[in-house]
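Read through the structure below, which is laid out as structure tokens, and then see the notes.
Counting convention: from 1, in listed order, for ligands and their atoms alike.
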Amino acid sequence: MSKKINRIGVLTSGGDAPGMNAAIRAVVRASIYYEMEVFGIYRGYEGLIEDDIVALDARSVGNIIQRGGTILKSARCDEFKTTAGRQKAFDNLNARGIDALVAIGGDGTFTGLHAFYQEHEMPVICIPGTIDNDLPGTDYTIGYDTATNTVVDAVDKIRDTALSHNRLFFIEVMGRDSGYIAINSGIAGGATAIMIPEENMTIDELVARLDKGGKSKKSSSLVIVAEGGRSGNAIQIAEAVHKKSPYYDTKVTILGHLQRGGSPTYFDRVLASKMGVYAVEGLLAGKTDVMVGIQHKTTVYNDFETIMVKSNEIESEAIRISKILSI
Ligand code: ADP
């Protein structure tokens, strides 16, 4: 039987994502519900190493479920990549009697947590918080839905100006290794073409598609470009297209960090609330060194190898649908 847990620490780490606050709130309240004490660790692993830790109660996480960002702040921390750094982190937790840790973040965060667990064997669990939806073992990660809605909203606005001037717009969205945001905002925003890292659409293929639209009297076109696309970034792609087809009046919009901000959607709030509770319940049930996920409406706890072995592949169906509809 696993040792009883008395004090849980919670932190947010890596890239911030809307819905992280809802997850913090859920971890705090579920811990209290199950009669444990709970501590918030500021600035991810950096705050853990620097002992930037405070006790939280149910009221300290009031009025945050609707807020973007993370009240605990996030950071990237190179020291945690060292054994000595992780030892400091462990000593700080030990000194406060914190005997379990919940980390909310992406694959880097889970990698750090896994290394920490292997050295110190403290019960740990990761909650997937990243706008990229690039983690396997869960249908959705916290923040992805909000970010995609933000992009669709921006695409709609850009379409208004594109239509007014018969322009060809290239809209760059986040997704260095994953085209999730791009493919689904592209479908929802009615894009003519979507460039994603998972596919290798060449400039010639893109121009052919745009020309086809031009011949069928399409008055303006929107191309969504995931930032990690193989044909370059949106500026490079727009230049290459303009070189081949100078008659296009091309414009580029890079949405950048606005995709991380904003109030989380209902979907992300509910997802984060569930995952926060499941993380605490998982720890109590003896789960450790796992990432909580929800797949086909079922709670799952995936080990490190399962999460790291592959990325969350885009459904080929989404790619097929986008091609049919962009003629
Ligand atoms: P994300 O969790 O969003 O993928 P990062 O890749 O920046 O974000 O990772 C967040 C933090 O996790 C890093 O700043 C570092 O402290 C920790 N981390 C990442 N990779 C490792 C590793 N190989 N070993 C230990 N800690 C790591």
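- Between Thr109 and ligand 1, at least one N/O pair is under 3.5 Å apart.
- Among all non-hydrogen protein atoms, the one lying nearest atom 3 (O) of ligand 1 is Gly15 N, 3.2 Å.
- Inclusion of Asp107 in the set of residues having an N or O under 3.5 Å from an N or O of ligand 1 is warranted.
- Considering only residues two or more places apart in sequence or on other chains, His120 meets the ring-ring contact (aromatic ring centres under 6.0 Å, His included) condition with Phe90, Phe116.
- Hydrophobic clustering of Ile, Leu, Val, Met, Phe, Trp and Tyr side chains at less than 4.5 Å, counting indirect connections, unites Tyr33 with Val292.
- Among protein heavy atoms, atom 18 (N) of ligand 1 sits closest to Gly108 O, 3.3 Å.
- Note: Tyr45 and Phe80 have parallel aromatic rings, judged against thresholds of 30 and 60 degrees for the angle between ring planes.
- Atoms of ligand 1 lying under 4.0 Å from any heavy atom of Tyr45, numbered from 1 in the order shown and given with element: 12 (O), 16 (O), 17 (C).
- Protein heavy atom nearest atom 22 (C) of ligand 1, with residue, atom name and distance: Thr111 CG2, 3.6 Å.
- The protein heavy-atom contact nearest to atom 13 (C) of ligand 1 is Cys77 N, 3.9 Å.
- The nearest heavy-atom contact from the protein to atom 7 (O) of ligand 1 is Arg76 NE, 2.4 Å.
- Not one N or O of Ala115 is nearer than 3.5 Å to an N or O of ligand 1, by distance alone.
- Ligand 1 places these atoms under 4.0 Å from at least one heavy atom of Ser13: 10 (C), 11 (C).
- Annotation: side-chain contact (heavy atoms from CB on, under 4.5 Å) contacts of Ser164 (sequence neighbours excluded): none.
- Residues Tyr278 and Tyr301 keep their aromatic ring centres 6.0 Å or farther apart.
- Paired with Arg96 under the rule salt bridge (Lys or Arg N to Asp or Glu O under 4.0 Å), one option of Asp52, Asp51, Asp91 passes, and it is Asp51.
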Working note: Leu135 + Ile307, criterion side-chain contact (heavy atoms from CB on, under 4.5 Å); need CA distance, chi angles, decisive distance, verdict. CA-CA 7 Å; Leu135 296 168; Ile307 298 294; 4.1 Å; yes
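- Under 3.5 Å, the side chains of Thr306 and Asp303 contain a donor-acceptor pair of N or O atoms.
- Put simply, part of Arg86 is less than 4.0 Å from ligand 1, judged by heavy atoms.
- Of all the listed residues (Gly112, Gly85, Gly14), Gly112 holds the heavy atom that lies closest to atom 25 (C) of ligand 1.
- In the hydrophobic cluster analysis, where Ile, Leu, Val, Met, Phe, Trp and Tyr join through side-chain heavy atoms closer than 4.5 angstrom, Val61 is grouped apart from Ile98.
- Using a 4.0 Å cut-off to heavy atoms of Phe80, the atoms of ligand 1 that qualify are 16 (O), 25 (C), 26 (N).
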